[in-house]
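Single-structure report; data block below.
The first residue of the sequence shown is numbered 1, and numbering continues consecutively from there.
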Amino acid sequence: MEMNNKLAALIDMDGVLYDSMPFHAKAWYDMFTEFGLVTDPDEYYLYEGMTGDATIQKLIKRELGRDATEEEKRNLYRRKAELFVGAGEKKKMPFADQMLEALKEAGINTVLVTGSAQGSLLENLNKDYPGFFPKERMVTALDVENGKPHPEPYLKGLRKAGVDKSQAFVIENAPLGVRAGKAAGLFTIAVTTGPIPREEFVKEGADLIFSDMKSFAEWLKNNLPSNPAKRLDRAIANLHPDKVLVVTDSNVMEKVIPRLSDSKTINDSATISISPGENGKNIHTIMDIWKKLEEIGATRRSVVVNVGGGMVTDTGGFAAATFKRGIRTVNFPTTLLGAVDAATGGKTGINFDGLKNEIGAFHLPSEVIISSLPLATLSDSELLSGYAEMLKTGLIADEALYKELSDVEAVLNNPEILEKTMKKCVEIKDMVVAQDPTEKGLRKILNFGHTAGHAFESLSFKKGKPILHGYAVAHGMLVELILSRILKGFPSEEVRMYANNILKPFYGSIGISCQDIPDLIGIMAHDKKNSTHGQPDFTLLEKISEPVVGCHPPLNEIESALEIYIDTI
């Protein structure tokens, strides 16, 4: 058989897809009680995965000291099946849907491998899990001579999947199923959805063990590579819009949109391409988007999909926030900075009268699709610009994340680690924004590095030598770490580590001198985030992940911090 390059998940049914094992166990117990054998009701969980014939043979051999006859096997299994069906509806396993969706997003084929021949459950698969288990990708007790724990069912599952052993893994909830998977030479994952203790799965050699389906589904979501086009389509389908408008820019149209060619949303929706860069972030662009929305007959049930960097999500988001008093948005950020900053949190806006984001609105997106796929189109400087916001997130909220991100090259050179840490940063920001959506208190922790950073960015524009936002924030964080050291006792070794191991080797110098200090302080004094006019407002750190908002250092301390920064860089 010709092998393909896809992965396959070989999935047990009872106890994985359906919460049916309590009904199976009771049916077996009641049937054998009728037959005259006294058994333990819980022992049938240990036999899960065996064929009906094998279970009957095991119990009769043990209790009566003889083999079961063919007639006994036939009649006893028929009675067990009657009792099982009569016990009522067997519900889907909670979070099994999420498990299967995570596998689907990663492009992993699903194959059913069950020891059951129970027609009632097999018939329900297409209704309960449509498209996941076509008949050609099913192995049941009727398809094998030897049931679990023999490896035959999983070896047959491999053949049905058209993959070799290195391209497949098993998902089981029974020790005998784990034994069968390992005997077949497969990586085997156990999800302990029944009463059997973890130790039984350890004895059988399970490679990974999860305590419930929810934690397993979440692990898959966070660790499997995702198909961003399919995630986008699912997000739009869940919103049931009457019209969809895709907002992007000419650079993204050329470099990223072709990578989303299998997206129904991208292929079937109206699209408007706006001018890239800050010069396109103005009221004229907003009017163009409004006109396009009117042209396609958009209503308040419509959705704007913003595919691009921060300029696109800011501009498209503001257009959506103001059209018909607000329609829904889905953001698909294509830059690292956009993914971890502009596309999340609900801040939208345009530039006005020479001021960045002077006109805007808070408008939370319905969903943000985080993926490392479009980042392959970015330059190193654009990646590092976004990475600064990730470093900021670690510094203010998660020391372990910051320590992982401190190895800059290791993260940026591994797409899976990068996507995982991106998602963690977005989770942190979402949590903060949910508690303070309009920046009245807690959300101000997200401004760490930005008071000084915005001053650097504004001064660079004034000099005619603009720097990327993330570079300005990276340098702003050193200034504010120095202020944190002076005013809050932040550890000096952490300031040195950030300066020497991260800022200087990756972000270099931005050409600030002592002559610039008065201008920088003047810009900080007029920052829109200040609670008191003329008094710069900072978020500082006592320790990593322990921020303090609403700090108002004396101007002479800000001047001292800038001088130390210049000497350090």
Mind running side chain to side chain contact (heavy atoms under 4.5 Å, CB included) on Thr140 and Met13 for me, showing each step along the way?
-> CA-CA 10 Å; Thr140 75; Met13 182 173 71; over 6 Å; no
Do the ring planes of Phe84 and Phe23 sit parallel (below 30°), tilted (30 to 60°) or perpendicular (above 60°)?
-> perpendicular
Distance-only polar pair, side chains of Asn124 and Tyr129, donor-acceptor under 3.5 Å | no
Nearest non-hydrogen partners of Gly317 and Asn306, listed with the distance | N-ND2, 3.6 Å
Glu404 with Lys420: basic N within carboxylate O range, under 4.0 Å = yes
Are side-chain heavy atoms of Thr334 and Val312 found at a separation under 4.5 Å?
-> no
So, Thr188 side chain and Leu186 main chain: donor-acceptor pair closer than 3.5 Å or not?
-> yes
Does the pair Leu158 and Lys165 meet the rule for a side chain to side chain contact (heavy atoms under 4.5 Å, CB included), with working shown?
-> CA-CA 7 Å; Leu158 277 176; Lys165 293 179 182 180; 3.6 Å; yes
Val307 vs Val305 side-chain heavy atoms within contact, under 4.5 Å = yes
Greater than 12 external heavy atoms within 6.0 Å of Glu145's CD = no
In terms of heavy-atom contacts, Ala397 and Ile428 come closest through CB-CG2, 3.6 Å
Is there side-chain contact between Leu384 and Leu412, with heavy atoms separated by less than 4.5 Å?
-> yes
Hey, are Thr313 and Asn331 close enough side-chain-wise for a donor-acceptor pair under 3.5 Å?
-> no
Is a side-chain N or O of Asp19 found less than 3.5 angstrom from the main chain of Lys92, in a donor-acceptor match?
-> no
More than 12 non-hydrogen atoms from neighbouring residues, nucleotides or ligands closer than 6.0 Å to CG on Asp380, yes or no?
-> no
Could you tell me the separation between the CD1 atom of Ile236 and the CG atom of Asp268, rounded to the nearest 0.5 Å?
-> 12.0 Å
Going by atom types only, do Thr33 and Asp30 share a side-chain donor-acceptor pair under 3.5 Å?
-> no
Verify the ring-centre separation between Phe187 and Phe169: is it less than 6.0 angstrom?
-> no
Identify whether the distance between the nearest side-chain nitrogen and carboxylate oxygen of Glu34 and Arg79 falls below 4.0 Å.
-> yes
Determine, stepwise, if the pair Glu419 / Lys423 fulfils salt bridge (charged side-chain N to carboxylate O under 4.0 Å, His left out).
-> CA-CA 6 Å; Glu419 186 167 317; Lys423 289 178 178 177; 3.3 Å; yes
Whether Gln167 side chain and Asp164 backbone form a donor-acceptor pair below 3.5 Å = yes
Pair Glu200 + Lys203, salt bridge at N-O below 4.0 Å | yes
Determine, step by step, whether Lys26 and Tyr29 satisfy the side chain to side chain contact (heavy atoms under 4.5 Å, CB included) criterion, reporting the C-alpha distance in whole Å, the side-chain angles of both residues, the deciding distance to 0.1 Å, and the verdict.
-> CA-CA 5 Å; Lys26 188 174 188 310; Tyr29 174 77; 5.6 Å; no
Assess whether atom NZ of Lys424 is packed by more than 12 heavy atoms of other residues, nucleotides or ligands within 6.0 Å.
-> no
Distance-only, no hydrogens or angles: does the Asp242 side chain make a donor-acceptor pair with backbone N or O of Ser302 under 3.5 Å?
-> yes
Are the side chain of Asn267 and the backbone of Lys264 linked by a donor-acceptor contact shorter than 3.5 Å?
-> no
Determine, step by step, whether Met99 and Phe216 satisfy the side chain to side chain contact (heavy atoms under 4.5 Å, CB included) criterion, reporting the C-alpha distance in whole Å, the side-chain angles of both residues, the deciding distance to 0.1 Å, and the verdict.
-> CA-CA 7 Å; Met99 171 193 72; Phe216 178 47; 3.5 Å; yes
Under 3.5 Å, side chain of Glu72 to main-chain N/O of Thr69, donor-acceptor pair present?
-> yes
Taking the side chain as every heavy atom from C-beta outward, state whether Thr193 and Val16 have any atom pair closer than 4.5 Å.
-> no
Residue pair Glu43 / Tyr47, side-chain donor-acceptor N/O under 3.5 Å = yes
Looking only at non-hydrogen atoms, find the nearest pair between Glu542 and Pro491 and report the distance.
-> O-CD, 3.9 Å
Check whether any side-chain heavy atom of Thr110 lies under 4.5 Å from a side-chain heavy atom of Leu100, and answer yes or no.
-> yes
Leu112 versus Leu125, closest heavy-atom pair with distance = CD2-CD1, 3.4 Å
Could you state the interatomic distance from OG1 (Thr192) to CG (Asn173), rounded to the nearest 0.5 Å?
-> 9.0 Å
Quick one: side chain to side chain donor-acceptor pair (under 3.5 Å) partners of Tyr154, sequence neighbours excluded?
-> Lys148, Glu172
Modelled atom types, side-chain donor and acceptor of Ser545 and Tyr402, under 3.5 Å = no
d(Asp67 CG, Ile56 CD1) to nearest 0.5 Å is 13.0 Å
Output the distance between atom CD (Glu389) and atom CG (Leu446), rounded to the nearest 0.5 Å.
-> 8.5 Å
Can you tell me if Arg231 uses its side chain to pair, donor with acceptor, with the backbone of Ile370 under 3.5 Å?
-> yes
With no hydrogens and no angle check, is any side-chain donor or acceptor of Arg328 less than 3.5 Å from a backbone partner on Leu239?
-> yes
List the atom of Val246, the atom of Thr265, and the distance in Å for their closest heavy-atom pair.
-> CG2-O, 4.4 Å
In chain order, what residues pass the side chain to side chain donor-acceptor pair (under 3.5 Å) check against Asp207, with sequence neighbours excluded?
-> Lys182
Tightest non-hydrogen contact, residues Ile544 and Gly394, listed as CG2-O, 3.9 Å
Can you tell me if Ser263 uses its side chain to pair, donor with acceptor, with the backbone of Leu260 under 3.5 Å?
-> no
Approximate separation, where rounding is to 0.5 Å, of Ile60 CD1 and Leu37 CG = 6.5 Å
salt_bridge(Glu152, Lys156) N-O dist < 4.0 Å = no
What class does the angle between the rings of Tyr44 and Trp28 fall in, given that below 30° is parallel, 30 to 60° is tilted and above 60° is perpendicular?
-> parallel
Answer yes or no: are there more than 12 heavy-atom neighbours, outside Glu409 itself, under 6.0 Å from its atom CD?
-> no
Step-by-step salt bridge (charged side-chain N to carboxylate O under 4.0 Å, His left out) determination, Glu70 to Lys73 = CA-CA 5 Å; Glu70 291 303 314; Lys73 291 177 184 177; 3.4 Å; yes
Are side-chain N/O atoms of His363 and Lys347 paired as donor and acceptor at under 3.5 Å?
-> no
Between the side chain of Gln57 and the main-chain N/O of Ala68, is any donor-acceptor distance below 3.5 Å?
-> yes
Output for pair (Leu418 CG, Leu405 CG), nearest 0.5 Å, gives 9.0 Å
